[in-house]
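Numbers for residues simply follow the sequence, beginning at 1. Values below: all heavy atoms of this structure, side chains included; hydrogens, waters and symmetry mates excluded.
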Amino acid sequence: MGGKQAKKVPRGTYERELLRLQTELVRLQEWVRAEGARLVVVFEGRDAAGKGGTIKRVSEHLNPRVARIAALPKPTERQRTQWYFQRYVEHLPAAGEIVLFDRSWYNRAGVEHVMGFCTQEEHQRFLHQCPIFERMLVEDGILLRKYWFSVSDTEQQDRFRRRMEDPLRRWKLSPMDLESITHWEAYSRAKDEMMVHTDIPEAPWYVVESDDKRRARLNMIAHLLDSVPYHDVPPPVLELPERPRSTGYVRPPRELRTYVPDHAADLMS
């Protein structure tokens with residue numbers, strides 16, 4: 001279903017379906033843990049395309065010991081001398097784990113290439129090696145899913161403007177983000193070239209139309225669930241034990257401890 005969506009998903013519909021999908025994500029998590037599966041989900045797209053908000057909804061109710069987010073900072077000087085994929089390999093999942101890449105090795109196909117942070121030779125080497133690298137992951141049994149969040153230029157501009165005006169979200173903006181506005185077509189060409197080389201049968205790209213954030217989140221999560229052959233894993237049988245009788249323990253006087261002030265009481269006075 002391509003193109004910009006005219007009708008936004010109503011909040012009530014969105015919240016009900018999101019809760020259902022998040023419940024399914026917990027079931028998926030339990031299957032991953034029980035089966036010893038390894039799941040990698042790559043989130044890519046332009047700045048302000050909605051990747052972070054979707055990752056937050058995916059991970060919201062998952063066990064952080066099972067599902068973790070990998071959002072790598074810029075490489076150190078030592079990492080710049082390593083094989084390009086090396087620092088990403090360190091974050092791949094072991095058995096029973098899920099890793100959500102908030103941006104990934106595809107930095108080289110996008111921002112590094114457009115902004116001149118890598119050489120033309122390094123960029124071409126990436127386009128050659130990336131499909132080989134991903135085929136190796138899949139051949140080794142890793143479940144690899146790649147999502148590209150597609151946002152229009154006008155919607156991106158509006159989101160940047162709202163972030164600038166919102167003190168709770170201004171941290172999401174960097175000078176690099178704003179500079180991307182002036183390189184819109186360069187990023188488009190880089191994305192198109194990336195897709196030509198890395199949209200492979202073993203690890204295809206799935207494009208998420210994201211001008212409507214609610215629609216994008218629901219569509220992406222639903223697709224992820226549909227793409228993994230998970231099944232219900234019976235939970236362990238738990239019984240709440242009876243509290244044993246007191247053996248004479250006496251709690252020390254409250255005056256011996258330092259408590260945080262009751263800020264909430266001030267709000268109700």
Side-chain angles (χ1 to χ4, degrees), residues 2 39-59 67-75 84-85 87-89 91-93 98-115 117-118 122-123 126-135 137-138 142-153 155-156 159-160 172-174 176-177 179-181 183-213 215-224 227-228:
L39 175 60
V40 171
V41 187
V42 169
F43 294 80
E44 289 288 345
R46 295 181 186 272
D47 297 314
K51 302 179 298 295
T54 305
I55 292 171
K56 182 177 179 181
R57 272 66 181 186
V58 169
S59 62
R68 69 178 185 274
I69 300 169
L72 277 61
K74 66 180 182 180
Y84 176 71
F85 295 94
R87 71 187 190 121
Y88 295 100
V89 170
H91 295 271
L92 292 174
I98 301 169
V99 177
L100 312 173
F101 276 96
D102 185 356
R103 295 200 180 278
S104 65
W105 45 89
Y106 282 100
N107 277 338
R108 176 137 296 178
V111 63
E112 289 190 17
H113 173 52
V114 173
M115 302 306 296
F117 298 153
C118 69
E122 288 171 331
H123 177 241
F126 169 84
L127 294 178
H128 169 70
Q129 290 186 348
C130 184
I132 300 172
F133 172 67
E134 292 182 351
R135 287 189 184 102
L137 300 184
V138 175
I142 289 178
L143 300 169
L144 176 60
R145 302 293 182 269
K146 304 185 307 191
Y147 293 97
W148 177 270
F149 285 73
S150 178
V151 65
S152 65
D153 52 352
E155 180 63 23
Q156 184 194 51
R159 290 177 185 178
F160 280 161
K172 292 185 175 184
L173 274 181
S174 70
M176 187 72 66
D177 295 333
E179 193 172 350
S180 69
I181 296 175
H183 293 81
W184 180 270
E185 289 192 1
Y187 274 106
S188 295
R189 294 189 184 96
K191 182 260 295 181
D192 292 343
E193 185 177 11
M194 175 196 79
M195 291 283 187
V196 167
H197 288 84
T198 63
D199 186 18
I200 57 177
E202 298 87 347
W205 276 106
Y206 297 104
V207 177
V208 182
E209 295 283 359
S210 62
D211 274 13
D212 180 351
K213 289 184 178 181
R215 186 185 300 270
R217 293 165 186 169
L218 298 180
N219 289 346
M220 179 268 150
I221 298 173
H223 180 273
L224 173 63
S227 75
V228 179

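The residues Glu185 and Arg189 are annotated as salt-bridged, a charged nitrogen and a carboxylate oxygen being separated by less than 4.0 angstrom.
When every heavy atom of Arg145 is checked against every heavy atom of Leu224, the shortest pair comes out as CG-CD1, 3.8 Å. When all heavy atoms are compared, the tightest approach of Ile200 to Pro131 is CD1-O, 3.9 Å. Nearest heavy-atom pair across Trp184 and Ser152 is CH2-C, 3.5 Å. Between Ala203 and Leu144 the shortest heavy-atom distance is CB-CD2, 3.7 Å.
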Next on the checklist: Checking Val151 against Asp211 for the side-chain contact (heavy atoms from CB on, under 4.5 Å) test, could you report, in this order, the C-alpha distance in whole Å, the side-chain angles of both residues, the deciding distance, and whether it holds?
Outcome noted: CA-CA 5 Å; Val151 65; Asp211 274 13; 3.4 Å; yes
Next on the checklist: Test side-chain contact (heavy atoms from CB on, under 4.5 Å) on Leu92 and Leu137; report intermediate values, then the result.
Outcome noted: CA-CA 9 Å; Leu92 292 174; Leu137 300 184; 3.6 Å; yes
Checklist entry - Could you go step by step and tell me if Val111 and Tyr106 meet the side-chain contact (heavy atoms from CB on, under 4.5 Å) rule? => result CA-CA 9 Å; Val111 63; Tyr106 282 100; over 6 Å; no
Next on the checklist: Could you walk me through whether Phe117 and Lys74 satisfy the side-chain contact (heavy atoms from CB on, under 4.5 Å) test, starting with their C-alpha distance in whole Å, then the side-chain angles of each, then the deciding distance to 0.1 Å, before giving a yes or no?
Outcome noted: CA-CA 11 Å; Phe117 298 153; Lys74 66 180 182 180; over 6 Å; no
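Every residue two or more places apart in sequence or in another chain was checked for a side-chain hydrogen bond (donor to acceptor under 3.5 Å, both in side chains) with Gln156, and none qualifies. In this view, Trp105 and Glu134 satisfy the side-chain hydrogen bond (donor to acceptor under 3.5 Å, both in side chains) rule, not counting sequence neighbours. Remark: His223 engages Tyr147, Tyr206 in a ring-ring contact (aromatic ring centres under 6.0 Å, His included) (not counting sequence neighbours). With sequence neighbours left out, Arg87 forms a side-chain hydrogen bond (donor to acceptor under 3.5 Å, both in side chains) with no residue at all. With sequence neighbours left out, Arg159 forms a side-chain hydrogen bond (donor to acceptor under 3.5 Å, both in side chains) with Glu155.
Considering CD of Glu202 and CD1 of Ile132, their distance stands at 11.5 Å, rounded to 0.5 Å. Atom-to-atom distance recorded for Glu193:CD and Ser188:OG is 13.0 Å, nearest 0.5 angstrom. Put simply, CZ on Arg108 and CD on Glu122 are 4.5 Å apart, with the number rounded to the nearest 0.5 Å. A distance of 6.5 Å separates CG of Leu100 from CD1 of Ile55, quoted to the nearest 0.5 Å. To the nearest 0.5 Å, the span separating NZ on Lys191 from NE2 on His113 amounts to 13.5 Å. Put simply, CZ on Arg68 and OG on Ser59 are 13.0 Å apart, with the number rounded to the nearest 0.5 Å.
Each of Phe85, Phe133, Tyr88 was evaluated against Phe126; a single residue qualifies, Phe85, per the ring pair (Phe, Tyr, Trp, His ring centres under 6.0 Å) test.
The backbone N or O of Thr198 sits less than 3.5 Å from a side-chain atom of Lys146, completing a donor-acceptor pair. Remark: the backbone N or O of Ala49 is paired with a side-chain donor or acceptor of Ser210 at under 3.5 angstrom. Under a 3.5 Å cut-off, the side chain of Asn219 and the backbone N or O of Val208 do not form any donor-acceptor pair.
Among pairs with a residue in residues 41-54, those fulfilling salt bridge (charged side-chain N to carboxylate O under 4.0 Å, His left out) read Glu44-Arg103, Asp47-Arg103, at least two apart in sequence or across chains.
Counting heavy atoms from C-beta outward, Pro93 and Val40 have side chains that approach closer than 4.5 Å.
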